[in-house]
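Below: the structure, in structure tokens.
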Amino acid sequence: MYFSMIRLRRGVSPRDITDLTRRNGYQAHQLVWNLFADRPDRQRDFIYRHEAVNDWPTFYTVSKREPVDTAGMWEIMPKEYNPQLLAGQRLGFALCANPIRSRRDENGRQQRHDVVMEEKLKFKNEEKNFDLQDIVQEIGLHWLEERAASHGFSISPKGVRVDGYQQHKLFKGKGNKPITFSTLDFNGILTITEPDIFVEKCLFDGIGPAKGFGCGLMLVRRV
């Protein structure tokens with residue numbers, strides 16, 4: 001596996017920079033995909049995270065192959081990614097994830113539910129006052145806790161901050177229905193319980209859906 005930091009080259013024109021920073025999530029996906037699309041039938045084998053580092057377009061990717069820039073626009077810094085971790089080790093982490101739960105409706109069809117919006121509507125229907133940030137922290141933390149054990153780690157409620165709730169609507173092109181999803185930002189400390197599972201299922205595969213739109217990649221650092 002490879003972990004890469006990919007940022008716009010310094011020689012790119014101001015007009016190109018403005019165009020890139022205005023792109024929506026679908027177009028950002030295309031920018032990253034172009035770095036891995038070595039053949040027309042290639043299936044996605046990478047996850048990514050998009051950030052503006054000092055207002056400069058930057059991507060972090062975890063992939064099975066090294067990204068290749070055929071357009072000459074990007075500075076790519078890949079390195080082999082083979083984390084050597086131990087049970088009980090603590091790591092600082094940052095994660096942008098799509099917080100949904102899947103349930104089947106009365107017709108047996110699987111439906112995805114935004115956990116924050118679902119809880120918000122519950123308070124409204126019961127005519128109760130609520131603070132959105134309290135909902136984000138509580139429900140977001142519970143969502144991550146539900147996935148922690150199967151991904152080889154544990155968290156403490158006091159060791160994680162959840163915020164940055166956003167709803168996204170992306171447009172693939174004219175005549176197509178918009179792609180909608182939500183995101184939450186998680187920052188804090190985790191403890192590794194199953195190192196092999198943590199590396200494979202968490203660091204390499206990512207957490208939650210919408211990975212094609214920059215969700216799921218966890219950045220970690222040693223504490």
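Both backbone and side-chain heavy atoms feed into the values below; hydrogens, waters and symmetry mates do not.
Counting non-hydrogen atoms of other residues, nucleotides and ligands closer than 6.0 Å to CG of Asp196 gives a total of 12 or fewer.
Counted by atom type alone, Asn98 and Thr183 present zero donor-acceptor pairs between their side chains at under 3.5 Å.
When all heavy atoms are compared, the tightest approach of Pro67 to Ser4 is CD-OG, 3.5 Å. Nearest heavy atom pair, residue Glu66 against residue Pro78, reads OE1-CG, 3.3 Å. Across all non-hydrogen atoms, the minimal contact from Ile197 to Gly152 is CG2-N, 3.7 Å. Of all heavy-atom pairs spanning Val199 and Pro83, the tightest one is CG2-O, 4.1 Å. Here the closest non-hydrogen pair linking Leu35 and Ile76 is CD2-CD1, 4.4 Å. Here the shortest heavy-atom pairing between Gly164 and Asp185 reads CA-OD2, 3.9 Å.
Take Ser63 and apply the side-chain hydrogen bond (donor to acceptor under 3.5 Å, both in side chains) test, not counting sequence neighbours, and it matches no residue.
Note: the hydrophobic cluster containing Met218 does not contain Leu86 (ILVMFWY, side chain heavy atoms under 4.5 Å, direct or indirect links). Put simply, Leu144 and Ile100 are part of two different groups of oily side chains (I, L, V, M, F, W, Y) that touch within less than 4.5 Å, one to the next. No path of Ile, Leu, Val, Met, Phe, Trp and Tyr side chains, each step under 4.5 Å between heavy atoms, connects Leu219 with Val223, placing them in separate hydrophobic clusters.
Pro99 is listed as a side-chain neighbour of Ser182, based on a closest heavy-atom distance under 4.5 Å. The closest side-chain heavy-atom distance from Phe181 to Phe213 is below 4.5 Å. Using a 4.5 Å cut-off on side-chain heavy atoms (C-beta onward), Gln89 and Thr191 make no contact. The closest side-chain heavy-atom distance from Leu8 to Met73 is below 4.5 Å. Here the side chains of Val32 and Thr61 are in contact, with some heavy-atom distance below 4.5 Å. Contact of the Thr58 side chain with the Met5 side chain is registered, since non-hydrogen atoms from C-beta on lie closer than 4.5 Å. Contact check for Ile155 versus Leu141: side-chain heavy atoms found under the 4.5 Å cut-off. Side-chain contact between Phe36 and Arg44 is absent, with no heavy-atom pair separated by less than 4.5 Å.
For the atom pair CG of Asp45 and CG of Asp205, the computed distance is 11.5 Å after rounding to the nearest 0.5 Å. Cys202 contributes atom SG, which lies 9.5 Å from atom CG of Leu91 (distance to the nearest 0.5 angstrom).
Using a 30° and 60° split on the angle between ring planes, Phe186 and Trp143 fall in the parallel class, below 30°. The aromatic rings of Phe59 and Trp74 stand perpendicular to each other, their planes meeting at an angle above 60°, with 30° marking the opposite boundary. Using the six-membered ring where Trp is involved, Phe3 and Tyr81 have ring planes that are tilted, between 30° and 60° apart.
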Steps toward side chain to side chain donor-acceptor pair (under 3.5 Å) verdict (Tyr2, Asn82) = CA-CA 8 Å; Tyr2 294 90; Asn82 184 28; over 6 Å; no
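Evaluation of the salt bridge (Lys or Arg N to Asp or Glu O under 4.0 Å) test over residues 72-87, restricted to residues two or more places apart or in two chains, returns Arg7-Glu75. Among residue pairs with one or both ends in residues 133-162, those qualifying as salt bridge (Lys or Arg N to Asp or Glu O under 4.0 Å) are Arg101-Glu146, Arg161-Asp163; sequence neighbours excluded.
Using a distance-only test at 3.5 Å, with no hydrogens or angles considered, a donor-acceptor pair links the side chain of Gln133 to the main chain of Val162.
Each of Lys120, Glu119, Gln167 was scored for a side-chain contact (heavy atoms from CB on, under 4.5 Å) with Asp114, with one residue passing: Gln167.
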